[in-house]
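Quick notes on the structure that follows.
Lettering follows sequence order; numbering is per chain, from 1. Everything numeric here is computed off the predicted structure, so don't read it as measured data.
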4 protein chains.
Amino acid sequence: MIIKIDFESETPIYEQLRRQIIEGIAKGELKKGEELPSVRQLAEDIGINLHTVNKSYNILKEEGYLVVDRRKGTMVSDIMPKIDENYINNLKEEIKYIIADAYCRGMNKEEFLDLCEKYFHSFVKK
Amino acid sequence: MIIKIDFESETPIYEQLRRQIIEGIAKGELKKGEELPSVRQLAEDIGINLHTVNKSYNILKEEGYLVVDRRKGTMVSDIMPKIDENYINNLKEEIKYIIADAYCRGMNKEEFLDLCEKYFHSFVKK
Amino acid sequence: MIIKIDFESETPIYEQLRRQIIEGIAKGELKKGEELPSVRQLAEDIGINLHTVNKSYNILKEEGYLVVDRRKGTMVSDIMPKIDENYINNLKEEIKYIIADAYCRGMNKEEFLDLCEKYFHSFVKK
Amino acid sequence: MIIKIDFESETPIYEQLRRQIIEGIAKGELKKGEELPSVRQLAEDIGINLHTVNKSYNILKEEGYLVVDRRKGTMVSDIMPKIDENYINNLKEEIKYIIADAYCRGMNKEEFLDLCEKYFHSFVKK
DNA sequence: GTGGTCTAGACCACG
DNA sequence: GTGGTCTAGACCACA
């Protein structure tokens, strides 16, 4: 799996990394139980600081995406995080804002839903 | 229109304010050409510093949501921002991540699209 | 002569007015010795404050573009302002910045000079 | 590169700074990809507040002159801003006024074009 | 009274 | 140590 960091983005590096790992899991590029590169290794590959990779990994562990195995190191969790109340509230807030913005700019519902559908399909296991 | 700031949130105050103004425009609570409260007034109402309000207003001006009439002060622009390449790229990145996250957590497409549809309908002019 | 104010411009109204009067003189739409509308009249026509028109007129008097005649009111001066050291220094600073900006953006010299020439020709008396 | 602020000037400090950075890029004193001093460093050097430097930097980022590399800090962008419709309209308005003023004062076309040419040559890479 | 500018000091996120 | 955020208070230009 290829990680691509935009060092000039407004999004922090650790957040970009975190999102790409989640997207990797969704796409099936990272399978459940699969080992991830070590913090040191990944940091070197991407050309970023150890602490930054560490932060991403820690958040993903916290969220339930990753687990640590004593022998194998960090790997993708077998059980994905749940849809809890907290998650759903954040999601709603985010969607509400995004759609408000899109609506103001004149995007119509069909365009938007098509876009969403497209991404959903790109993740569904073949 | 009522502004509600969560001072505990990780989202900066100016960004919360910015989003609520956009949502207000989408909902029709703020109409095109309508005057907004002065930075001082709004800052006092919300209980934040006027510079923070100023920052929100300035970003919204830059984006094309607000304009300053030198006689009347700040008001909602008659012409909403466009759907340019920059916007669409950001939107796609955001949607891609949100859907990847939702998909991993086991949300199905219909649930997600229903949610989106619901918000779209809440904005459409009756 | 038609005055067109953009109330949403970053340029102050009094400055827009001042510039348009100078441009009117350059174009010959306002001839030397010609009377200008009264402050009150012009303010009403444009839909701006008396003080604002007054400020423009006063600056233009200061600069030598306008003079006040006891009987006729404000009129275009017979003698235009001089090219003094102060003027030339400001001009150079302004031109230096404008050309630096244009140069960085990749505008070539010919394009720029053509533009200048075009405006010069638009002012030359037929 | 030496920054020189005129504290008596009517031009805001942040705007003077902004212009000098653009001129620095045009002259080649600031090369593409070159790192700029931190806001704190530059503020101290010039003897102004860091927020003022910050404002200049932010505007230049918005315009596309600067970028922030999250590892290295602020640097000159590799890609200069474009000549878009907005820029060209502003440029034309500015040039029109400047030439109207110069023309009224009796400056002839050749003098003016020579001045422009001189500045263009001072920026062209040797 | 409005927004714009500038200063100052503090805290935090990031790497 | 870097930039980002927030607060606070002051002065000025503008209308």
Take A:Glu63 and A:Leu60, measure what side-chain contact (heavy atoms from CB on, under 4.5 Å) needs, and give me the verdict at the end. CA-CA 5 Å; A:Glu63 294 177 317; A:Leu60 288 164; 3.6 Å; yes
Would you sketch DNA chain E in dot-bracket for me? Only Watson-Crick or G-U wobble pairs with both distances under 3.5 Å count, crossing pairs as [ ], other-strand pairs as |, the rest as dots. ||||||||||||||.
Students should find this one: the first and last nucleotides of DNA chain E, 5' to 3', lying under 4.0 Å from a heavy atom of chain A. What are they? E:dC14 to E:dG15
Residue pair D:His51/B:Tyr57 against DNA chain E: nearer the 5' end by closest nucleotide is B:Tyr57
Suppose we screen for side-chain contact (heavy atoms from CB on, under 4.5 Å). Which residues come up paired with A:Leu50, at least two apart in sequence or across chains? A:Val39, A:Arg40, A:Ala43
Under 3.5 Å, which donor-acceptor pairs do the side chains of residues 19-26 of chain A form with other protein atoms, sequence neighbours left out?
from, atom 1, to, atom 2, distance (Å)
A:Arg19, NE, A:Glu15, OE2, 3.0
A:Arg19, NH1, B:Glu94, OE1, 3.4
A:Arg19, NH2, B:Glu94, OE2, 3.4
A:Gln20, OE1, A:Lys4, N, 2.9
A:Gln20, NE2, A:Lys4, O, 2.6

Can you list, in residue-number order, the parts of residues 67-78 of chain D that come under 4.0 Å of DNA chain F, counting heavy atoms only? D:Thr74
Under 4.0 Å, heavy atom to any atom of DNA chain F: which of residues 1-13 of chain D qualify? none
Does D:Glu44 have more than 12 heavy atoms from other residues, nucleotides or ligands lying within 6.0 Å of its CD? no
Mind checking salt bridge (Lys or Arg N to Asp or Glu O under 4.0 Å) for C:Glu93 and listing every partner two or more places apart, or none if nothing turns up? C:Lys96
Is any side-chain nitrogen or oxygen of C:Lys55 closer than 4.0 Å to OP1 or OP2 of F:dC14? yes
Pair A:Arg18, B:Tyr97: side-chain N/O donor-acceptor within cut-off below 3.5 Å: yes
Decide side-chain contact (heavy atoms from CB on, under 4.5 Å) for A:Ile98 and B:Ile98; before the verdict, give the C-alpha distance in whole Å, the side-chain angles of both, and the deciding distance to 0.1 Å. CA-CA 11 Å; A:Ile98 289 175; B:Ile98 288 176; 3.6 Å; yes
If each of B:Thr52 and D:Asn58 is mapped to the nucleotide of DNA chain F with the nearest heavy atom, which maps nearer the 5' terminus, i.e. the 5' end? D:Asn58
Strictly distance-based, threshold 3.5 Å: is any side-chain N or O of D:Glu35 a donor or acceptor partner for the main-chain N or O of D:Gly73? no
DNA chain E-proximal residues of residues 38-48 of chain D, any heavy atom under 4.0 Å: D:Arg40, D:Ile48
Any base atoms under 4.0 Å from C:Tyr14, or only sugar-phosphate, or nothing? Heavy atoms, all strands. sugar-phosphate
Just to verify, what does C:Asn49 make a side-chain hydrogen bond (donor to acceptor under 3.5 Å, both in side chains) with, not counting sequence neighbours? none
Hits for side-chain hydrogen bond (donor to acceptor under 3.5 Å, both in side chains) against A:Asp6, two or more places apart or cross-chain, chain-then-number order -> none
Contacts under 3.5 angstrom, residues 75-86 of chain D side chains, donor-acceptor by atom type, not counting sequence neighbours:
from, atom 1, to, atom 2, distance (Å)
D:Ser77, OG, D:Ile79, N, 3.1
D:Ser77, OG, D:Ile79, O, 2.9
D:Asp84, OD1, D:Tyr87, N, 2.8

Might you work through the side-chain contact (heavy atoms from CB on, under 4.5 Å) test for D:Val68 and D:Lys61, ending with a clear yes or no? CA-CA 8 Å; D:Val68 180; D:Lys61 279 173 218 162; 3.2 Å; yes
Taking side chain to side chain contact (heavy atoms under 4.5 Å, CB included) as the criterion, tell me which of B:Ile48, B:Thr52, B:Ile5 meets it with B:Tyr14. B:Thr52
Could you work out, with side-chain hydrogen bond (donor to acceptor under 3.5 Å, both in side chains) as the rule, every residue matching A:Asn54, not counting sequence neighbours? A:Asn58
Please walk me through it: do D:Ile3 and D:Met1 pass side-chain contact (heavy atoms from CB on, under 4.5 Å)? CA-CA 7 Å; D:Ile3 301 287; D:Met1 186 196 164; 3.8 Å; yes
